[in-house]
Amino acid sequence: LLYGGTGETSAYDLISRAVAQLVPLQSIDPALVPVVEALQEVAFLLEDKAAFLRDYRQHLDFSPGRLGEVQSRLHLIKQLRRKYGGGVEEVLRRGEELKRRLAAAADRSEKLAQAAQELAARERDFHELAASLSVMRREAARRLESEITAVLEELAMPQTVFLVLLRQTAPGATGTDEVEFHFSANPGEPPRPVARIASGGELSRLMLALKSIMAEHDAIPTLIFDEIDAGLGGGAARAVGEKLRHLSRWHQVICVTHAAQIAACAERHFHLTKEEHGGRTVTRIRLLDEEGRVRELARMLAGRVDQAALNHARQMLGKGA
């Protein structure tokens, strides 16, 4: 359009043509001289500026893709300003805040990953320890079965079957085992959980067997036995008394009994009686002195207090001590 256009007459060409027509006329009318000079100067400027623009165009680096990027970014900035309000400064401030939060989140993610690795390592350690504990429990279970059976034979329960069953359970503070004691006191009866089938006397003797074996390791301070003499007499009752006496080295043992052989093994005796008082029945307990111990033991032996029973009672107390 300014100079040397292709297919179109340029501004330089048009001015040059005008100058060519005006030059002959300036000799006729001197007033046209400044006009010709001005147009010639314009033509020179057009040529010069056209050369500058030609060079400028050749050095332009135009990229349609870059234009798209800029337009997309301008659209994004517009969206951000609409979302967060204010100008670009507010958007930038919000951006810095979100960067800090993102960095903190990334730090938490790293810590969570580290914690997950540590947890996995601890779980592996747990299962290794639980497996070792299960092996030790199975070995201990077989020993306990054997020792309990031997003690129960001494306590007049020779045909007793005692089993320690271990089952897999959910992991917990004590490992992955659930332990249950099974028991059968009668031949031909399958062992069942102790809590379901054992009678009071059987349960007392079973607990006595357990406690006598575990006496040195059990932290329970006081043990109470009731009905432990049910169905017992003679040597079996004496064996129960000796087990209770042995157990009292580590625990306080309280035993309610009608068997003289068991009572004779105790260090201290209390006598319980029922009386009617004010229209109500009350139970009284009295600590027996040495003579009272002999008399009550004689009564338990013979149903009466005579010299023979007293002598026998003294003899039993001496052996018990």
Side-chain angles (χ1 to χ4, degrees), residues 151-152 154-157 160 181 183 185-186 192-215 217-321:
V151 174
L152 288 175
E154 298 176 8
L155 301 180
M157 299 176 70
T160 298
F181 294 162
F183 174 82
N186 303 308
R192 292 188 176 89
V194 168
R196 296 184 188 175
I197 64 166
S199 66
E202 291 170 346
L203 189 58
S204 290
R205 273 176 274 176
L206 177 59
M207 289 305 298
L208 175 58
L210 277 169
K211 294 300 181 181
S212 63
I213 292 171
M214 303 297 295
H217 311 286
D218 196 337
I220 298 175
T222 301
L223 302 175
I224 301 176
F225 294 91
D226 190 17
E227 296 186 22
I228 199 169
D229 52 12
L232 292 181
R238 181 69 183 185
V240 169
E242 291 174 352
K243 289 294 181 185
L244 290 170
R245 178 76 176 202
H246 172 76
L247 196 57
S248 69
R249 294 173 59 189
W250 293 276
H251 308 272
Q252 180 189 34
V253 177
I254 298 175
C255 181
V256 181
T257 183
H258 297 281
Q261 294 91 336
I262 294 176
C265 294
E267 296 177 342
R268 184 171 298 188
H269 294 86
F270 294 85
H271 184 237
L272 281 77
T273 56
K274 287 185 178 180
E275 300 175 2
E276 185 177 340
H277 183 73
R280 296 186 61 190
T281 301
V282 296
T283 300
R284 299 190 181 280
I285 182 168
R286 177 169 56 93
L287 175 64
L288 299 177
D289 58 16
E290 188 63 27
E291 185 59 28
R293 294 174 69 198
V294 174
R295 294 182 65 82
E296 287 302 325
L297 194 59
R299 196 190 312 277
M300 293 173 71
L301 284 167
R304 63 184 183 280
V305 180
D306 56 20
Q307 194 58 46
L310 290 171
N311 290 339
H312 191 186
R314 287 192 180 91
Q315 184 181 18
M316 290 183 65
L317 284 173
K319 289 184 178 180

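Being a predicted model, the structure only gives us computed values, none of them experimental.
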Problem set entry | Heavy-atom check, side chain of Lys211 versus side chain of Ile220, under 4.5 Å | yes
Exercise. Can you check whether Leu288's main-chain N or O pairs, donor with acceptor, with His271's side chain at less than 3.5 Å?
Worked result: no
For this session: State the CG-CZ distance between Leu206 and Phe181, to the nearest 0.5 angstrom.
Result: 8.0 Å
Exercise. What's the shortest heavy-atom distance between Cys265 and Arg245, and which atoms?
Worked result: O-NH1, 2.9 Å
Exercise. Is it true that Arg299 and Glu296 have a side-chain N and a carboxylate O under 4.0 angstrom from each other?
Worked result: yes
For this session: Rounded to the nearest 0.5 Å, what's the gap from CE on Met316 to CD1 on Ile262? Could you check?
Result: 10.0 Å
For this session: Evaluate the criterion side chain to side chain donor-acceptor pair (under 3.5 Å) for residue pair Asn311 and Gln315; output intermediate values, then yes/no.
Result: CA-CA 6 Å; Asn311 290 339; Gln315 184 181 18; over 6 Å; no
Exercise. Rounded to the nearest 0.5 Å, how far apart are CZ of Arg314 and CZ of Arg293?
Worked result: 12.0 Å
For this session: Kindly determine whether Glu154 and Glu242 satisfy side-chain contact (heavy atoms from CB on, under 4.5 Å), including the steps that lead there.
Result: CA-CA 10 Å; Glu154 298 176 8; Glu242 291 174 352; over 6 Å; no
Problem set entry | Nearest atoms (heavy-atom pairs only) where Ala260 meets Leu297 | O-CD1, 3.5 Å
Problem set entry | Point-to-point distance, once rounded to the nearest 0.5 Å, from CG of Asn186 to CE of Met157 | 8.5 Å
For this session: Specify the closest pair of heavy atoms between Ala264 and Leu317, including all atoms of both residues, with the distance to one decimal.
Result: O-CD2, 3.9 Å
For this session: Provide the closest heavy-atom pair for Thr160 versus Ala185 in the form atom of the first, atom of the second, distance.
Result: OG1-CA, 4.2 Å
Problem set entry | From SG (Cys255) to CG (Asp226), nearest 0.5 Å | 8.0 Å
Exercise. Of the non-hydrogen atoms in Leu310 and Arg295, which two are nearest, and what is the gap between them?
Worked result: CD2-CA, 4.0 Å
Problem set entry | Pairwise distance NE2(His251) to NE2(His246) - rounded to 0.5 angstrom | 9.0 Å
Exercise. Which atom pair, heavy atoms only, marks the closest approach of Ala209 to Leu152?
Worked result: CB-CD2, 4.0 Å
